[in-house]
Amino acid sequence: SLTASFGAETMTYEVGGAVLVSSPEIYVSSEADESAAAAPFATPETAAVSLEEAMKWAIDGSEVFVKGTNSASINISRAVTVTGEGGRNADRINARSGRVAVLRHPGALLRGLTLSGGAHYRGPGAYIVCGAVEDCRVSGNKVTGLGYYDCHGSVYVGDADARVSRTVIDGNEVTYNYACGGGAYIRFGSLDNCLVVSNKAITGAGVLLVNAGAKLINCTVANNTNTCVGLVNDYGDGVYVSSDSARIVKCAVYLNFNGNDISDWKTTLKANQTESVVLNCAFSSAEDGTFPAPSSTCVGLAAADFSDL
């Protein structure tokens, strides 16, 4: 039973399950005094040492403030915001095992953190079924092997309600042949205002856009590398797109490499389809395939004309 008192009045309720007394603000710090930690970790002075422990107390509407470098793997399945107190250059989550972060709620938000050390066949840095990642850095994660074409994206953007914004995606790699999207794999949903650099994979080393509704908007995709030169599908080192309903809008895609050659993008689409997919973008090379970059909609990098970007 649960007893509540207000002044001289007391009421008792019969509760069928456990009662969780939470706080709208929850604090966790790798620098916290473990002896002072006290659930529900509602102040910096009583902060949790373990992020995973702090997340147990989060309910819809809670914001979890993270400080320092935390070893954890978190699953956000409620409308919870997880925020780095000092921003992505100061606060970090290193994967304890598998993925760093999984988001499974439209109201889930991860912001101001570096996500690193993940190792999984799909989305080791961030696996976003729905929800948003903002102002983060996803770096140093590895897409590991499972099976033929089953391995996708250090950042996996799964559904239409999934979004990544103002985030740096760098230094991630695929460690399995035939795996795709070393930086980001956009099944549905979007990346906007992101920097995708120095990632490695066999196909779409920077970004892979797969289905209708996949969007890449106002992003820079550069210096990504194909790591398996010579196979039949070693292409799209910057961006690879396979849906005529995907959109790449106002992006700069340049200096992505296939061996010693620049290979910025690849598509399975026909020339008349690319005109509606790629809009107001800049490339440093033509498509690595049959059709050239659509000059009517793309600004040439050499011209240094980014007025539409």
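Hydrogens, waters and symmetry mates are skipped; everything else that's a heavy atom, side chains included, is used. Since we're looking at a predicted model, the values are computed, not measured.
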S.K.: Are any of the side-chain heavy atoms of R96 and S73 separated by less than 4.5 Å?
M.R.: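 In short, these two side chains touch, coming nearer than 4.5 Å.
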S.K.: Of the non-hydrogen atoms in W57 and S62, which two are nearest, and what is the gap between them?
M.R.: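 Minimum heavy-atom separation between W57 and S62: O-OG, 4.5 Å.
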S.K.: So, for T114 and R88, which heavy atoms are closest and what is the spacing to 0.1 Å?
M.R.: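 Distance-wise, the nearest heavy atoms are OG1-O, 2.6 Å.
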S.K.: Under 3.5 Å, is there a donor-acceptor pair between the side chain of N224 and the main chain of K200?
M.R.: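 No, N224 side chain to K200 backbone: no donor-acceptor pair under 3.5 Å.
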S.K.: Looking at every heavy atom in both A32 and A48, which two are closest together, and how far apart are they?
M.R.: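 Where A32 meets A48 most closely, the heavy atoms are CB-O, 4.0 Å.
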S.K.: Atom CG of L51 and atom OG of S29: how far apart are they, to the nearest 0.5 Å?
M.R.: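 Result: 11.0 Å between the selected atoms.
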S.K.: Just by distance, with hydrogens left out, do N70 and S30 show a side-chain donor and acceptor under 3.5 Å apart?
M.R.: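 S30 and N70 do not have a side-chain donor-acceptor pair below 3.5 Å.
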S.K.: Judged by atom type as modelled, is there a donor-acceptor pair below 3.5 Å linking the side chain of N141 to the main-chain atoms of G117?
M.R.: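 Between the backbone of G117 and the side chain of N141 there is a qualifying donor-acceptor contact (under 3.5 Å).
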S.K.: Is the shortest side-chain N to carboxylate O distance from E134 to R166 below 4.0 Å?
M.R.: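 Yes, this pair counts.
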S.K.: Should N193 and I217 be marked as a side chain to side chain contact (heavy atoms under 4.5 Å, CB included) after you check the CA-CA gap, both sets of side-chain angles, and the distance that decides it?
M.R.: CA-CA 6 Å; N193 296 285; I217 303 169; 5.9 Å; no
S.K.: Where the side chain of S50 meets the backbone of E53, is there a donor-acceptor pair that is under 3.5 Å apart?
M.R.: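 Between the backbone of E53 and the side chain of S50 there is a qualifying donor-acceptor contact (under 3.5 Å).
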S.K.: Please determine which of L103, I76, V102 meets the side chain to side chain contact (heavy atoms under 4.5 Å, CB included) test together with I128.
M.R.: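 Single pass found, and it is L103.
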S.K.: A side-chain contact here means heavy atoms from C-beta on lying under 4.5 Å apart; do V64 and T83 qualify?
M.R.: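 They are not in side-chain contact.
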S.K.: If only atom types and distance count, is the side chain of R99 paired as donor or acceptor with the main-chain N or O of H120 below 3.5 Å?
M.R.: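 Flag not set: sc R99 to bb H120 has no pair under 3.5 Å.
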S.K.: Which atom pair, heavy atoms only, marks the closest approach of V197 to N199?
M.R.: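 Nearest pair, atom of V197 first, then N199: O-ND2, 3.1 Å.
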S.K.: Assess the residue pair I186 and L208 against the criterion (side chain to side chain contact (heavy atoms under 4.5 Å, CB included)); give the C-alpha distance rounded to whole Å, side-chain angles, the decisive distance to 0.1 Å, and a yes or no.
M.R.: CA-CA 6 Å; I186 310 175; L208 188 74; over 6 Å; no
S.K.: With rounding to the nearest 0.5 Å, note down the distance linking SG in C251 to CG in L216.
M.R.: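 The distance works out to 4.0 Å.
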S.K.: Taking the side chain as every heavy atom from C-beta outward, state whether L209 and S242 have any pair of such atoms under 4.5 Å apart.
M.R.: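 No, side chains not in contact.
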S.K.: Picking from Y156, Y185, Y121, what satisfies ring-ring contact (aromatic ring centres under 6.0 Å, His included) with Y127?
M.R.: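 Per the ring-ring contact (aromatic ring centres under 6.0 Å, His included) rule, the option paired with Y127 is Y156, out of Y156, Y185, Y121.
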S.K.: For E34, does the CD atom have more than 12 heavy-atom neighbours from other residues, nucleotides or ligands under 6.0 Å away?
M.R.: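 No, not enclosed.
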S.K.: Could you walk me through whether L195 and I169 pass side chain to side chain contact (heavy atoms under 4.5 Å, CB included), step by step?
M.R.: CA-CA 6 Å; L195 177 63; I169 302 171; over 6 Å; no
S.K.: Of all heavy-atom pairs between C130 and P106, which one has the smallest distance, and what is that distance?
M.R.: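 C130 and P106 have their closest heavy atoms at SG-N, 3.6 Å.
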S.K.: Does the side chain of L191 reach to within under 4.5 Å of the side chain of V196, using non-hydrogen atoms?
M.R.: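 Yes, at least one pair of side-chain atoms sits under 4.5 Å.
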S.K.: Less than 4.0 Å between a side-chain N and a carboxylate O, is that true for D159 and R187?
M.R.: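 A salt bridge links R187 with D159.
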S.K.: Should R111 and E63 count as an ion pair when the cut-off is N to O under 4.0 Å?
M.R.: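 Yes, this pair counts.
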S.K.: Heavy atoms, side chains only, cut-off 4.5 Å: are T167 and V138 in contact?
M.R.: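 The answer is yes; the side chains approach within 4.5 Å.
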S.K.: Is there a side-chain contact between V28 and V49 (heavy atoms, below 4.5 Å)?
M.R.: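 No, every pair of side-chain atoms sits at 4.5 Å or beyond.
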S.K.: Do R92 and S116 have a side chain donor and acceptor closer than 3.5 Å?
M.R.: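 Indeed, the side chains of R92 and S116 share at least one donor-acceptor pair under 3.5 Å.
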S.K.: Apply side chain to side chain contact (heavy atoms under 4.5 Å, CB included) to residues N75 and R104 and explain how you reach the verdict.
M.R.: CA-CA 8 Å; N75 190 326; R104 297 183 180 273; 3.8 Å; yes
S.K.: How about S190 and V157: do any of their side-chain heavy atoms sit closer than 4.5 Å?
M.R.: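 A side-chain contact is absent here, since even the closest heavy-atom pair is not under 4.5 Å.
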S.K.: Hey, does the side chain of D91 reach the backbone of G68 with a donor-acceptor pair shorter than 3.5 angstrom?
M.R.: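 Looks like yes, one N/O pair under 3.5 Å.
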S.K.: Does the distance from a Lys or Arg side-chain N to an Asp or Glu carboxylate O, for K215 and D192, drop under 4.0 Å?
M.R.: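 Between D192 and K215 there is no salt bridge, as every charged N stays at least 4.0 Å from the carboxylate O atoms.
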S.K.: Rounded to the nearest 0.5 Å, what separates atom CZ in R122 from atom OG1 in T144?
M.R.: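 Going from the CZ atom of R122 to the OG1 atom of T144 covers 11.0 Å.
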S.K.: Are I74 and L110 packed together at the side-chain level, in the sense that at least one heavy-atom pair is separated by less than 4.5 angstrom?
M.R.: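 A side-chain contact under 4.5 Å exists here.
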S.K.: Give me the atom names and distance for the closest heavy-atom approach of E45 to A36.
M.R.: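 Closest approach of E45 to A36, heavy atoms only: O-CB, 3.7 Å.
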S.K.: Is a side-chain donor-acceptor pair under 3.5 Å present for S198 with N223?
M.R.: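 Indeed, the side chains of N223 and S198 share at least one donor-acceptor pair under 3.5 Å.
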